[in-house]
Structures are given as C-alpha cells and as structure tokens.
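Working notes for the structure below.
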Amino acid sequence: MCRFLAYAGAPVFLEDFIASPCHSLIHQSLHAEEAKTGTNGDGFGVGWYGERVEPGQYREIRPAWSDENLLSIARLVRSHLFFAHVRAATGTATTRANCHPFVHGRHLFMHNGQIGGYALIRRRLESLIPDGLYGARVGTTDSEALFLLALARIAEGAAPGEALAGALGDALALMQEAGVREPLRCAAALADGETIHAVRWSSDTKPPTLYLCDRGDAVIIASEPVDAARDCWQALPCNTLVSAKAGAVSMTPFAVGSRQAAA
C-alpha cells in the first residue's frame, strides 16, 4: 500500500511535511508503520497550487529517499495546498505516468488502495471513461481510471464526494459481475485548488489508514501521522468523507452502492 499526505492552509514549504518531521513522507517511504509493507519505493510525486489555477507537478520513478531533486523542490516551493505521495505498486508498471498525484485541469488526485481483480475488469472500466477525458489517460493504473471517472461526474454537476462514490460504484459493480472476491479498498484525496475532499472506504472492513490533523490555520490529511504531536491526529472512521480547508472541516458518512454496470 502507498502512503500519502495532503495539506491545506497557511502557505508552508513542502519540506515542512515531506522531509523535516520525524515521520515525514520521505521517512515513510522507507519505514511505513501502518501499511502491509514498510517500503514504498516504486516512485513518488508532489503536486502543488501556486499563483495559477492549474497545479504544478513533479513525479519520478526513483524512490523518494534517493531523489535529491525532491529535497530541493520541497525546500524552495511554498504552497497553500499540496499533495505528496510515495508509491508501492500493486500490479501495474513502475513508470512516471503511473506515479501519483494525477493532474487534470485544476484538479489533483491521489489514491492508496486497490481494485480487486483489476486485470479482469480493466477494459470495461476504462470503457466508462467519456471520450473527452479518455485522451487524458496516460498511465495504466486503476487510480487514474477512478480519477477520470470522478471528473466526468464533476463535469456533469456532481459534488466531489458524490463523484468519488460514483466512480467506486462503477468499479464495484464490474467486480461483482466478474465474480471477483477480492475487496475494493480506497483511501483517496481530490482537490480543486481550494478544498481537499478525502475518503476512507472499503468493500470489506479493512480500509487503508487515513488520519486528520486540524491545526486551525491548516489541515493535514495523511496515511500516517508525520510528527510526534499525536494528540492532533485523529483516525478517520471507516467509510467517511472529509472535506477540508483552513478553518473549515466537515466529516460525513461515505457510502458506495453497486449499480448495474454499463455494457
């Protein structure tokens, strides 16, 4: 399983969370404590918002702990909203295009988890991506497919949480039709430059870990706490949607219903 972190609030340097804390994301790339494997060395990525609507992005297939460019970027880039992700691949190639976070227009997306039996349903799942968005698919991961399916619903007027539930529902329906017995597990974050929408959900009782730290002037959502201030970090309940920006955090139940998949 991958590890990730999302930040929204007063502008900070990326290194304040990616590199400096005792359990920073770079540290987690080698020493994750709440994942199936302690090492997340199949690439990494950061995405951040600056003065333009579209976010910047840097992704690489080297492990996060060995990339000096990441440390340089994190030391100099300051942002009010950014994502960072270290990857442990679950069946798809270790390529730059498969590293998170994914960017399309003003949106950022990253994911930790897995669609059970993805190889069995991949073609049908991809066929649900509208033509206008399919050209934006450059990688092969289930994560990017979920992102584009959610964006399609947002373009039609759906709220971000509803869009994420719809994308997961599409995948769940195809899994059920294919007789897949493996679970669908998802911790994901979606941002539009102002608000982070994150979900922790699974079709069984074992969703990936996800924590929230609300500091008043900033909100951090992460797979694992990154510092020693453990009194701030709240484990998100299973099947929860959190929408967060500085000074405003809301949590609501998150439900995914399977539906009749398109032919």
Output yes when a side-chain donor or acceptor of Glu224 lies under 3.5 Å from a complementary backbone atom of Glu34, and no otherwise. yes
Yes or no on side chain to side chain contact (heavy atoms under 4.5 Å, CB included) for Trp233 and Val226, after CA distance, side-chain angles and deciding distance? CA-CA 9 Å; Trp233 294 93; Val226 300; 3.7 Å; yes
Would you compute the distance between atom CD of Glu194 and atom NE2 of His80 and round it to the nearest 0.5 angstrom? 7.5 Å
Given 3.5 Å as the limit, does a donor-acceptor pair link the side chain of Ser29 with the main chain of Asn40, or not? no
Contact between Phe254 and Leu236 at the side-chain level, heavy atoms closer than 4.5 Å - yes or no? no
Hey, what do you get for OG (Ser127) to CZ (Arg122), rounding to the nearest 0.5 Å? 12.5 Å
Look at the side chain of Ser72 and the backbone N and O of Asn69, then say whether any donor-acceptor pair between them is shorter than 3.5 Å. no
Quick check: does any side chain N or O of Gln28 sit under 3.5 Å from a backbone N or O of His23, one acting as donor and the other as acceptor? yes
Spatial distance of atom NE2 (His100) from atom CZ (Phe83) [nearest 0.5 Å]: 12.0 Å
Can any side-chain N or O of Arg124 pair as donor or acceptor with the backbone N or O of Leu128 at less than 3.5 Å? no
Rounding to 0.5 Å, atoms CD (Glu60) and CZ (Phe44) come to a distance of 6.0 Å
Judged by modelled atom types alone, do Thr209 and Arg3 share a side-chain donor-acceptor pair under 3.5 Å? yes
Phe147 side chain near Leu190 side chain, heavy-atom distance below 4.5 Å: yes
Ignoring hydrogens and geometry, is there a side-chain-to-backbone donor-acceptor pair from Asp142 to Tyr118 under 3.5 Å? no
Which label fits Phe17 and Phe82: parallel for a plane angle under 30°, tilted from 30 to 60°, or perpendicular past 60°? tilted
In short, disulfide bond (SG atoms under 2.5 Å apart) pairs touching residues 85-182 with sequence neighbours left out are none
Distance, nearest 0.5 Å, that separates CD1 of Ile129 from CZ of Arg137: 5.5 Å
Answer yes or no: is there a donor N or O on one side and an acceptor on the other, between the side chain of Ser24 and the main chain of Ile18, under 3.5 Å? yes
With no hydrogens and no angle check, is any side-chain donor or acceptor of Asp42 less than 3.5 Å from a backbone partner on Thr94? no
Any salt bridge between Asp227 and Arg215, counting N to O under 4.0 Å? yes
Side chain Tyr7, main chain Val12, donor-acceptor under 3.5 Å: no
Could you tell me the separation between the CD1 atom of Ile121 and the CG atom of Leu172, rounded to the nearest 0.5 Å? 9.0 Å
Closer than 3.5 angstrom, by distance alone: can the side chain of Ser203 be matched with the main-chain N or O of Pro183 as a donor-acceptor pair? no
Determine, stepwise, if the pair Asp214 / Gln234 fulfils side chain to side chain contact (heavy atoms under 4.5 Å, CB included). CA-CA 9 Å; Asp214 185 357; Gln234 172 188 359; over 6 Å; no
